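Shown next, in structure tokens, is the structure this report addresses.
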2 protein chains.
Amino acid sequence: MENEVKNYADEEHCPVRNVLDRFGDKWSMLVLMLLSDMGVLRFNEIHKYIGTISQKMLTVTLKKLEVDGLVQRKAYPEIPPRVEYSLTQRAQSLMPIIQELAQWANKNMADIQNSRSKAV
Amino acid sequence: MENEVKNYADEEHCPVRNVLDRFGDKWSMLVLMLLSDMGVLRFNEIHKYIGTISQKMLTVTLKKLEVDGLVQRKAYPEIPPRVEYSLTQRAQSLMPIIQELAQWANKNMADIQNSRSKAV
DNA sequence: TCAGATACTTACCTTTAAGTAATTAATGCT
DNA sequence: AGCATTAATTACTTAAAGGTAAGTATCTGA
């Protein structure tokens, strides 16, 4: 007789895995928070705010967020090109939760770093 | 004159980066949710619930969570060994936010997948 | 004519995360 | 004697993420 447990990680049925995997990367959350604070930003503006992101990763990150319908991309047919990014409604409905997460992190950062340093 | 912007990603001062990076990996969130649902679990029980995690990654994940003071590890000096894992208070204060995140993901999963499929 | 601006793309390389499979230690059970 | 049990660890390999640097198109202004 098998122990019929498993299935907590089923990718098809676990929305957390399926959806949240997408902004568990290095930059997505940061871009979302920045756009949430600033409203509308051009590519180079985001690039300057997040001083350490490479052009390539910013492109990749914005594209992923756009594909998921979290970021809206508006390109103006000018030269040199101008592209503006902003949050969609969907992303805006997510931001309060991310803000809570950020608050939790703020509140607990010191203790966590303390725990880490004790762990040798 | 330089454009004095930057610093949105400063790792020293950004608690979100610093703290949340740790459970943006493949398994941490899942382990936290499982322990939140189940209370106290032994290593092999977690392993069975999350059918697809390797022994190594479960060890690594639990150790990281323990170092951050999110998971409590209690080893009984028996043979064969028995080790029980549970959430700390700190992790429990985080769980409501993770639950909200999960609810958001649940609510928005279908739309997001729809957006993705449209994006070719 | 040529640098500068803009939002990328591409090729290449390094780093990190994760998976596989074998091994360990000490005991009880058969 | 030999196998199962438990919670790891170790060495090795593969896959994914991220970084670097250069290139692209088109126009403006010096």
Side-chain angles (χ1 to χ4, degrees), chain A residues 1-3 5-6 9 11 17-18 20-31 34-35 40-68 71-86 119-120, chain B residues 1-3 5-6 9 11 17-18 20-31 34-35 40-68 71-86 119-120:
Chain A
M1 275 164 215
E2 282 187 56
N3 219 346
V5 203
K6 75 181 96 176
E11 303 209 3
R17 276 298 278 288
N18 203 295
L20 303 186
D21 266 12
R22 295 295 263 253
F23 45 86
D25 63 9
K26 191 169 178 184
W27 301 110
S28 294
M29 199 115 92
L30 212 53
V31 170
L34 180 61
L35 286 174
V40 181
L41 288 177
R42 298 179 62 177
F43 186 90
N44 276 346
E45 291 175 321
I46 303 176
H47 192 230
K48 277 176 207 156
Y49 274 111
I50 309 177
T52 49
I53 192 173
S54 68
Q55 257 180 333
K56 177 193 147 188
M57 286 316 295
L58 182 52
T59 307
V60 168
T61 302
L62 286 169
K63 195 171 285 169
K64 281 205 311 186
L65 292 172
E66 192 197 351
V67 163
D68 279 12
V71 156
Q72 188 170 16
R73 181 184 187 276
K74 190 166 189 183
Y76 297 86
E78 304 173 359
I79 280 171
R82 178 159 64 104
V83 183
E84 289 179 347
Y85 294 93
S86 56
V120 181
Chain B
M1 276 161 216
E2 282 186 55
N3 221 346
V5 203
K6 74 181 95 174
E11 303 207 3
R17 276 298 277 288
N18 202 295
L20 303 186
D21 266 12
R22 296 293 263 253
F23 45 85
D25 63 8
K26 191 170 178 184
W27 300 110
S28 294
M29 199 114 95
L30 212 53
V31 169
L34 180 61
L35 286 174
V40 180
L41 289 177
R42 297 180 61 178
F43 186 91
N44 276 346
E45 291 174 322
I46 302 175
H47 192 232
K48 277 176 206 155
Y49 274 110
I50 308 177
T52 50
I53 194 172
S54 68
Q55 253 179 332
K56 178 192 146 188
M57 287 315 296
L58 183 52
T59 307
V60 168
T61 302
L62 287 169
K63 195 172 286 168
K64 281 206 310 188
L65 292 173
E66 192 197 352
V67 163
D68 278 12
V71 155
Q72 188 170 16
R73 180 183 186 278
K74 190 168 189 181
Y76 296 85
E78 303 174 359
I79 282 170
R82 178 161 63 102
V83 182
E84 288 179 348
Y85 293 93
S86 57
V120 179

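Heavy atoms only: backbone and side chains are in, while hydrogens, waters and symmetry mates are out. Every value quoted in this text rests on a predicted model; they were computed, and no experiment measured them. In what follows, chains carry the letters A, B, and so on, assigned in the order in which the sequence lines appear, proteins first and then strands, with residues in each chain numbered from 1.
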Could you state the atom-to-atom distance from [atom1] of [X] to [atom2] of [N] in whole Å?
| X | N | atom1 | atom2 | answer |
| --- | --- | --- | --- | --- |
| Arg73(A) | dT6(C) | CZ | P | 16 Å |
| Glu45(B) | dT5(D) | CD | C1' | 14 Å |
| Leu58(A) | dT6(C) | CG | C1' | 13 Å |
| Ile50(B) | dG19(C) | CD1 | C1' | 15 Å |
| Ile46(A) | dT6(C) | CD1 | P | 14 Å |
| Glu78(B) | dT5(D) | CD | C1' | 12 Å |

- prompt: Are Glu84(A) and Tyr76(A) close enough that a side-chain donor and a side-chain acceptor fall under 3.5 Å?
  reply: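 There is such a pair (donor and acceptor under 3.5 Å, judged by atom type) between the side chains of Glu84(A) and Tyr76(A).
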[N] phosphate, OP1 or OP2, under 4.0 Å from [X] side-chain N/O:
| X | N | value |
| --- | --- | --- |
| Arg42(B) | dT6(D) | no |
| Arg82(B) | dA7(D) | no |
| Asn44(B) | dT5(D) | no |

task: Take nucleotides 11-30 of chain D nucleotide by nucleotide from the 5' end and write B, S or -, depending on whether a protein heavy atom sits under 4.0 Å from the base, only from the sugar-phosphate, or from neither.
output: B------BBB-----BS---
Rounded to the nearest 0.5 Å, how far does [atom2] of [Y] lie from [atom1] of [X]?
| X | Y | atom1 | atom2 | value |
| --- | --- | --- | --- | --- |
| Tyr49(B) | Leu41(B) | OH | CG | 6.5 Å |
| Ile53(A) | Leu30(A) | CD1 | CG | 7.5 Å |
| Leu35(A) | Glu45(A) | CG | CD | 10.0 Å |

- prompt: Are side-chain heavy atoms of Glu66(B) and Gln72(B) found at a separation under 4.5 Å?
  reply: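 SC-SC contact between Glu66(B) and Gln72(B) ruled out.
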query: Among all residues two or more places apart in sequence or in another chain, which pass the side chain to side chain contact (heavy atoms under 4.5 Å, CB included) test with Gln55(B)?
result: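 In terms of side chain to side chain contact (heavy atoms under 4.5 Å, CB included), with neighbours along the sequence ignored, Gln55(B) is linked to Phe43(B), His47(B).
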- request: Give one of base, sugar-phosphate or nothing for Tyr85(A), where a contact means two heavy atoms less than 4.0 Å apart.
  value: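 Sugar-phosphate, no base atom in range.
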